[in-house]
There are 2 protein chains.
Amino acid sequence: MKKKFDGGSTPNTLLGLLTLCPMSGYDMRAMIDRSIGHFWSESYGQIYPSLKRLAAEGLVEKKTERKQGRPDRNVFSLTPAGRQRLSEWLSTPVKEVETPRNELLLRLFFGQHVSADVNRQHVTAFIAANEGALKHYSAVEKQLRREEANDPQLPYWLMTLSFGRHRSEAFVRWGRETLRKLDELERSRGRGSKAAQKAKSE
Amino acid sequence: MKKKFDGGSTPNTLLGLLTLCPMSGYDMRAMIDRSIGHFWSESYGQIYPSLKRLAAEGLVEKKTERKQGRPDRNVFSLTPAGRQRLSEWLSTPVKEVETPRNELLLRLFFGQHVSADVNRQHVTAFIAANEGALKHYSAVEKQLRREEANDPQLPYWLMTLSFGRHRSEAFVRWGRETLRKLDELERSRGRGSKAAQKAKSE
DNA sequence: GGGTGCATGTAATGGGTTACATGATTCT
DNA sequence: AGAATCATGTAACCCATTACATGCACCC
């Protein structure tokens, strides 16, 4: 009694999107980028096959709009069964992420084998990226509060945004702290190696 | 002039590990879990093929130890070329992670469609997981400071641990803040829906 | 004429985990 | 007796991105 064709959370994401309004696969991609792009992404290679399966299971309904001059649009909307499935999924516990791999930390872990400067550059770039993200989050937040002020979903959207803010702020703090430590380390390493040389020569 | 067989960062990770001491593929897995397990993981399915390729490229050297009663051990050690390759890789810029998918945020984004309780449970579990992680980090840190006090690589290891601490602390703060928001939301939603009902019935 | 936007879809490829196959030894 | 540790490796599978194929319309 296994359910084949689960396909992870992509289908559920699409069901969620369709609560906002009926749309096509093409729209979905754009919508995802604009709304949940800071913590989620989907590619056409996932979206189109998923939609086909969702339609086969009766969770979404497809209507083809034909327009002159433009390609056909397959517009999907949520069925009651689809809405049901969505709220079931929303209630399932979040499967804990194993260990998201972190290339920055991997390099830093072996940081002894390169110059302090190399390590500093990695951390500096990381800080810059997160400062950029922070700016982006503020901009999005302002825009949301202006344009979606009356949407009952706004508070939830802001919570996800706040997550990004907390995370990036922490990352920037860690980055600065780490830069200080790297500086310190270089200074004491300098002293250390001099001392070691001296000890050797004696 | 493309370099085929890059294989991502797994081979580089293995090179890094071999700077600590020569070891077998089997050892590597265990070592990874103990040392960088909080931000990295590798499976045998990745390790063994990577080692084969690294040996073919002359970046590591393989020596087979035969012991009575035990299976053979293929012990690998770093060659000068391997050490060179490692420091080259350590100097390459970290490729920015696209957007790590976050299932918790995905559920929260669509939180409007389920009860406040469901959302609260997700967040509560998330807080608990991060508090657990924080305890783990402290334990590891204590152990490192005790057992590896003289290792010159210790400061780098502590930096990666500190990253986890900063992150989990931020996540816990966000979680608590979000729980408060959810409570607030439920209260105002209660009032709102009562008001809406009243308005409807009039 | 060429890029961009609209629109759908498939195939190839990549990176990774899990399961499987094998088999002795040691601990409980 | 049965589980855990030691030890290596392959095959199957999963999920996801990227590239490709197609083609019209609009703008510069």
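Numbers restart at 1 for each chain; the letters A, B, ... are given by sequence-line order, proteins then strands.
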Sub-3.5 Å pairs of nitrogen or oxygen atoms, protein against nucleotides 10-13 of chain C:
| residue | atom | partner | partner atom | Å |
| --- | --- | --- | --- | --- |
| C/dT10 | OP1 | A/Lys52 | NZ | 3.1 |

Between [atom2] of [N] and [atom1] of [X], the distance in whole Å:
X: A/Arg73; N: C/dG5; atom1: CZ; atom2: P; answer: 16 Å
X: A/Trp40; N: D/dA16; atom1: CH2; atom2: P; answer: 7 Å
X: B/Arg66; N: D/dT8; atom1: CZ; atom2: C1'; answer: 13 Å
X: A/Glu42; N: D/dA16; atom1: CD; atom2: P; answer: 7 Å
X: A/Asn12; N: D/dA16; atom1: CG; atom2: C1'; answer: 16 Å
X: B/Lys67; N: C/dT26; atom1: NZ; atom2: P; answer: 12 Å
X: B/Asn74; N: D/dA7; atom1: CG; atom2: P; answer: 11 Å
X: B/Ile47; N: D/dA7; atom1: CD1; atom2: C1'; answer: 12 Å

Checklist entry - Closer than 4.0 Å, any side-chain N/O of B/Ser43 to the OP1 or OP2 of C/dT18? => result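 So the side-chain polar atoms of B/Ser43 never come under 4.0 Å of the phosphate oxygens OP1 or OP2 of C/dT18.
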| message | Using OP1 and OP2 only, check whether a side-chain N or O of A/Ser41 sits under 4.0 Å from D/dA16. | response |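 For D/dA16, OP1/OP2 do not have a side-chain N/O of A/Ser41 under 4.0 Å.
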Between the protein and nucleotides 22-27 of chain D, which nitrogen or oxygen pairs come in under 3.5 angstrom?
none

Atom [atom1] of [X] and atom [atom2] of [Y]: how far apart are they, to the nearest 0.5 Å?
X: B/Gln112; Y: A/Leu154; atom1: CD; atom2: CG; value: 10.5 Å
X: A/Glu177; Y: B/Arg165; atom1: CD; atom2: CZ; value: 7.0 Å
X: B/Trp174; Y: B/Leu179; atom1: CH2; atom2: CG; value: 8.5 Å

Backbone N or O of [Y] within a donor-acceptor pair of the [X] side chain at under 3.5 Å?
X: B/His166; Y: B/Ser162; result: yes
X: A/Asn119; Y: A/Gly111; result: yes
X: B/Thr79; Y: B/Gly58; result: yes
X: A/Ser138; Y: A/Leu134; result: yes

Is any side-chain N of the basic residue among A/Asp183 and A/Arg180 closer than 4.0 Å to the acidic one's carboxylate O?
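Answer for the salt bridge query: no.
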task: Could you walk me through whether B/Lys135 and B/Glu131 pass the salt bridge (Lys or Arg N to Asp or Glu O under 4.0 Å) test, one step at a time?
output: CA-CA 6 Å; B/Lys135 262 184 206 157; B/Glu131 283 173 340; over 6 Å; no
Enumerate the residues from residues 23-32 of chain B whose closest heavy atom to DNA chain D is under 4.0 Å, giving them by residue number; use none for an empty result.
->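 Close to the strand are B/Ser24, B/Gly25, B/Tyr26.
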| said: Judged by each residue's nearest nucleotide on DNA chain D, which is more toward the 5′ side, A/Thr10 or B/Asp72? | reply: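 Its nearest nucleotide lies further toward 5', so the answer is B/Asp72.
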message = Using a 6.0 Å distance limit plus a 45 degree cone around the ring axis, check whether A/Arg73 lies over the aromatic ring of A/Tyr26.
response =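 Output no; distance or angle outside limits.
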### Task
Count the heavy atoms of every other residue, nucleotide or ligand shown that sit under 6.0 Å from CZ of B/Arg85, and state whether that count exceeds 12.
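It does not: B/Arg85 CZ has 12 such atoms or fewer within range.
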| message | At 4.0 Å (heavy atoms only), tell me whether A/Arg101 reaches a base, stays on the sugar-phosphate, or touches nothing. | response |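 Result for A/Arg101 = sugar-phosphate.
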- prompt: Side chains of A/Thr92 and B/Arg107: is there a donor and an acceptor less than 3.5 Å apart?
  reply: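 Side chains of A/Thr92 and B/Arg107: pair found under 3.5 Å.
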